[in-house]
J.: 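Structure incoming, see below.
What's counted below: heavy atoms across the whole structure, side chains too, no hydrogens, waters or symmetry copies. The chains referred to below are lettered A, B, ... by the order of the sequence lines, with proteins before strands, and numbering in each begins at 1.
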Amino acid sequence: MESIAKQKIIEDLLPQKFGKAGKIWVGALLFICAIGFFAYYRQLSKGLVVTGMRDYASWGIYISNFVFFVAISLVGSLITAVLRLSDVHWSTPLTRIAEIIAVSAITFASIIIIVDMGRPDRFYNLFLHGRLQSPIVWDVIVITTYFFVSLLLLYFPMLPDLAILMKFKEKTGAGLNKIYSFLGAFWKNTPVQIHISEKAINLLSVTIIPVAFAIHTVTSWLFATTYRPGWDSTNFGAYFISGAFLVGAGGVVVAMFVFRKAYHLEKYITDSHFDKMGKVLVLLALLYLYFNVNEFLVPAFKMKKPEEEHLLGLFTGEFATVFWFAITTAMIIPILILLFKKGRKPLPAFVAGCLVVIGSWFKRYLIVTPTLLHPFLPMQDVPASYRHYFPSWEEWAIAIGSLAGALLIITLFARIFPIIPIQETITETEQHENENA
Amino acid sequence: MKMKMHSRLLFSALLLQLIGIAAFAQTAKNDLSLSVSYFNSNNQVQYLVAHAKSKIDGKFQMIPNINVSFYIGSESPSNLLGKGVTNNKGECLVLIPPAAKSEWNKSAKPGFIVVSQATKQFDESKGNFDVTKAKIQIDTAADKKITAVLLELKDTAWTPVKDVDVRIAVKRLGGDLDVAETPTYATDSLGMVSAEYKRDSLPGDAKGNITIVAKVEDNDLYGNLSSEKIVSWGKYYPYKSEFDKRTLFARRGKSPIWLELIAYSIVAAVWAVLFYLFGQIRKLKRLGI
């Protein structure tokens, strides 16, 4: 490959300083995070009473947010591991986007769990006195494991890029160069190092799939091991995993569009990528729709008394608006958009991706809270506020703050590191040229 | 004048209608069916049970809260055995007091009468049962054979009764369990039935004791008779407490071994891979220096 072309790829993919829009974006995210911190300070000082959660709805949008973060983090395994092991090369420019989404999401999944605790200072007791029999302990173990697997899967493919970045000190700046040097100064691109790195990436790709399945299955078991209407299902593991792949893929499509636009990456994230990711998204939306039909039609067909109240609440009652909004935006409309070739162009695909992400967040809320408000025993002699749940402004601020925090990690990562793997792009371009020659 | 006539006619018609409604209301009372059953438990405790039922909306229903009085021989205050109120099953039980002994001894077939007081819904009602004095005796052999003899008091002698169904069973908490496939046996000319105990490893008490019972149930002549015998044919199952054992619902550190093996194996396998990869990073560093 000619060095000019190689040089062009490197220049195109080097991290870029924030422009005006980037600065506003980071400032806005920091502002939202600051409001979230203030709300959390209020929650810490006054207790969970500042939230809308009471005796019955003891899990609100914090836990919905947790499930959402865990779900979206699964995309790392889909794009990086599943497609890599399937020898699918078109996904190469998307791997790092998927991995950083996974790492930031799983980080905030851990944080939001602590936020949900009334006494976070007692968090260590979970490790000191946790019961191995409890799915909550399994969740802690598997989230920690998934975080490190994702981090390694982000790190190993980035080693050759760090060596490249260090060569462009004048463009990246001395401060960033110290980070690159700390992380990858030892990378000399020798055949032995490349062999070790490739072996490690393959091993991680194999490892991350069961760990990713475990993380979301265990999260589903937090609910399904409890005998309650809406949660008492053997379908929950697969239902959660299919939904997680959908929201993760939706998140990647959104990020693809934003990075392509912000960093002018049209040559690397092409229309073809949107077309292919659009097809993946349709498949996943149909799969999730199938699991939803199973999850709701089967109990609705039987209409057991305790289930009836819960299901009618979702279909026609208190939660009907949110329910049909979630089903429509997370699945129906994206399917209708992306089924057509024109719908898989960047902008419509971006819109579909946004709908999937927004709808999926509300879907997680519907999984968590309505069940808690429909206990087997009737709610008697309780204040009216116990019968319903609506998040307080503190909860909204913290939840939105956590989402902003995850976006901030992704944004800062893209500022520091190349969001599209440079070395892999060069290698694949060379291979492509050699095949053509 | 004509107006006055009309008013009188109208008044008479209304009065007639009211009388009709009242008469209908009186006849709307339901019939109460009252019956009485005689029980002799283990040839020791004698008691009576009254049953109150009524046909409402085309089907019989048990009637609670009916005051009933039990008599022996005749319905006189001196023959009163006891009083009671029917429960939700429409039943009321009274033990036959020792004071009724002389009246009991007067006749070979003493009669029992149960009388209910009139209520708003029901008229006074009566039921009666003349019992033929009888007893049942149970015996067992070492080879787990059970025999029972049904005897009837004729004049002053106990004589065997032929062709009466006797049930042989084991007393359990929720009811009686048949000792073999056949639930009841008909008495022979000696008034005897025999059955074989075919239950295996039936839980007994701390000594393995179980109670065998021979019963005559709802017989038109003898009522309900039963006789019991305790035998050591059961098996002692000592209570095994699951408290503080390794179970899924136990406290921390008491999880089942299989769960610990699976969970720790998975964690160890995955983290072995991660530590191997951390080692590979060190190796890469060494190679690059």
J.: With side chains defined as the heavy atoms from C-beta onward, is the minimum distance between B:I266 and A:I141 less than 4.5 Å?
T.: no

J.: Between chain A and chain B, identify every pair of one donor and one acceptor N or O atom lying under 3.5 Å apart.
T.:
{"residue": "A:L128", "atom": "O", "partner": "B:R252", "partner atom": "NH1", "Å": "3.4"}
{"residue": "A:R131", "atom": "NE", "partner": "B:A250", "partner atom": "O", "Å": "2.9"}
{"residue": "A:R131", "atom": "NH2", "partner": "B:L248", "partner atom": "O", "Å": "3.0"}
{"residue": "A:R131", "atom": "NH2", "partner": "B:A250", "partner atom": "O", "Å": "2.8"}
{"residue": "A:Q133", "atom": "NE2", "partner": "B:T247", "partner atom": "O", "Å": "3.1"}
{"residue": "A:Q133", "atom": "NE2", "partner": "B:A250", "partner atom": "O", "Å": "3.2"}
{"residue": "A:T145", "atom": "OG1", "partner": "B:W271", "partner atom": "NE1", "Å": "3.0"}
{"residue": "A:Q193", "atom": "NE2", "partner": "B:L284", "partner atom": "O", "Å": "3.0"}
{"residue": "A:K199", "atom": "NZ", "partner": "B:Y276", "partner atom": "OH", "Å": "3.4"}

J.: For A:V211, is it the side chain, the backbone, both or neither that has a heavy atom under 4.5 Å from a heavy atom of chain B?
T.: side chain

J.: Please name the pair of heavy atoms, one in A:F156 and one in B:I281, separated by the smallest distance, quoted to 0.1 Å.
T.: CZ-CG1, 3.5 Å

J.: Is there a side chain to side chain contact (heavy atoms under 4.5 Å, CB included) between A:V142 and B:V270 once you walk through the steps?
T.: CA-CA 10 Å; A:V142 81; B:V270 174; over 6 Å; no

J.: Non-hydrogen atoms of chain B under 4.5 Å away: do they reach the side chain of A:L132, the backbone, both or neither?
T.: both

J.: Considering only heavy atoms, which portion of B:A250 lies under 4.5 Å from any heavy atom of chain A: side chain, backbone, both, or neither?
T.: both

J.: Within a reach of under 6.0 Å around CD1 of B:I230, are more than 12 heavy atoms found that belong to other residues, nucleotides or ligands?
T.: no

J.: Can you name the residues of residues 232-242 of chain A that have some heavy atom under 4.5 Å away from a heavy atom in chain B?
T.: none

J.: Around atom CG of A:L85, are there more than 12 heavy atoms of other residues, nucleotides or ligands at under 6.0 Å?
T.: yes

J.: Checking A:L128 against chain B: side chain, backbone, both or neither under 4.5 Å from a heavy atom?
T.: backbone

J.: To the nearest 0.5 Å, what is the distance between CG on B:L277 and CD1 on A:I201?
T.: 10.0 Å

J.: More than 12 foreign heavy atoms under 6.0 Å from CZ of A:F182: is that the case here?
T.: no

